[in-house]
Amino acid sequence: IPTSLCLVLSGALTWLVDPSAAGFGGRWARNFLGALPVLPAGLVVMNQLSQRLGPRLARRSPLAMKLVLALITAVVMETLIASVVVLSRHGLTPQLPALVLQAAWRALPLGLAIALLMAFVIRPRIVAWQARLAQG
């Protein structure tokens, strides 16, 4: 699932960073492969946040917990993948931080939609599936 999400987000960010450039497919493939190594970092951050914030937020509201973690997840993943895509397209320039923030901001609605889908649909199904496997 994370690889599929990376594929979608790297494609969206590739297009958002430079929609008029030729060779979209090749750029998307390079950006996807470049973003794959940052996935573990994003997953570690999300797991740590879930472990630290989850219990505090869940006591107040399970809905709030899912929404906050989805927002944080979207921001983290968008920023990581945007960094790879912008670096691939523009290299190390003084404008790199601004370009990464601009790309991440523009792709945030898609990232947030994916994060909400993960929090409310996919993750509960995975948890239920794992519970059924554990029972036998």
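All values below come from the heavy atoms of this structure, side chains included, with hydrogens, waters and symmetry mates left out. Here the structure is a predicted model, which means the values were calculated and not measured.
- The salt bridge (Lys or Arg N to Asp or Glu O under 4.0 Å) contacts involving residues 28-43 comprise nothing, where partners must be two or more places apart or lie in separate chains.
- Nearest heavy atom pair, residue Glu78 against residue Gly111, reads OE2-CA, 3.0 Å.
- Once rounded to the nearest 0.5 Å, the distance linking CG of Leu87 with OG1 of Thr93 reads 9.0 Å.
- Here the shortest heavy-atom pairing between Ala70 and Leu116 reads CB-CD2, 3.7 Å.
- Other residues, nucleotides and ligands contribute more than 12 heavy atoms inside 6.0 Å of the CG atom of Leu133.
- Grouping the Ile, Leu, Val, Met, Phe, Trp and Tyr side chains by contacts below 4.5 angstrom, directly or via other members, places Val121 with Met118.
- In terms of heavy-atom proximity, Ala82 sits nearest to Val100 at CB-O, 3.9 Å.
- Taken together through direct or relayed side-chain contacts under 4.5 Å among Ile, Leu, Val, Met, Phe, Trp and Tyr, Val85 and Leu101 form parts of separate hydrophobic clusters.
- Summarising the geometry of Thr14 relative to Phe24, their closest heavy-atom pair is CG2-CE1, 3.7 Å, with the distance given to 0.1 Å.
- Counting heavy atoms from C-beta outward, Leu63 and Phe120 have side chains that approach closer than 4.5 Å.
- Proximity of a side-chain donor or acceptor of Trp28 to a complementary backbone N or O of Val8 within less than 3.5 Å is not detected.
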### Query
Is there a side-chain contact (heavy atoms from CB on, under 4.5 Å) between Leu80 and Val84 once you walk through the steps?
CA-CA 7 Å; Leu80 288 172; Val84 170; over 6 Å; no
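- In terms of heavy atoms, Ile81 sits closest to Ser10 at CG2-CA, 3.9 Å.
- Between Thr3 and Leu7, the closest side-chain pair of non-hydrogen atoms is not below 4.5 Å.
- In this structure, Leu110 CG and Leu13 CG are separated by 8.0 Å, a value rounded to the nearest 0.5 Å.
- From Ile122, atom CD1 reaches atom CD1 of Ile114 across 9.0 Å, with rounding to the nearest 0.5 Å.
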### Query
Does the pair Leu99 and His90 meet the rule for a side-chain contact (heavy atoms from CB on, under 4.5 Å), with working shown?
CA-CA 9 Å; Leu99 292 170; His90 298 287; 3.8 Å; yes
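- The hydrophobic cluster containing Ile126 also contains Leu117, counting ILVMFWY residues as joined when their side-chain heavy atoms lie under 4.5 angstrom apart, directly or transitively.
- Thr79 places a side-chain N or O within 3.5 Å of a backbone atom of Val75 that can act as its donor or acceptor partner.
- Between Trp129 and Arg132 the shortest side-chain heavy-atom distance falls below 4.5 Å.
- Screening residues 14-27 for salt bridge (Lys or Arg N to Asp or Glu O under 4.0 Å) gives Asp18-Arg89 as the qualifying pairs, with residues at least two apart or on separate chains.
- Considering all non-hydrogen atoms of both residues, Ala103 and Val17 come closest at CB-CG2, 3.9 Å.
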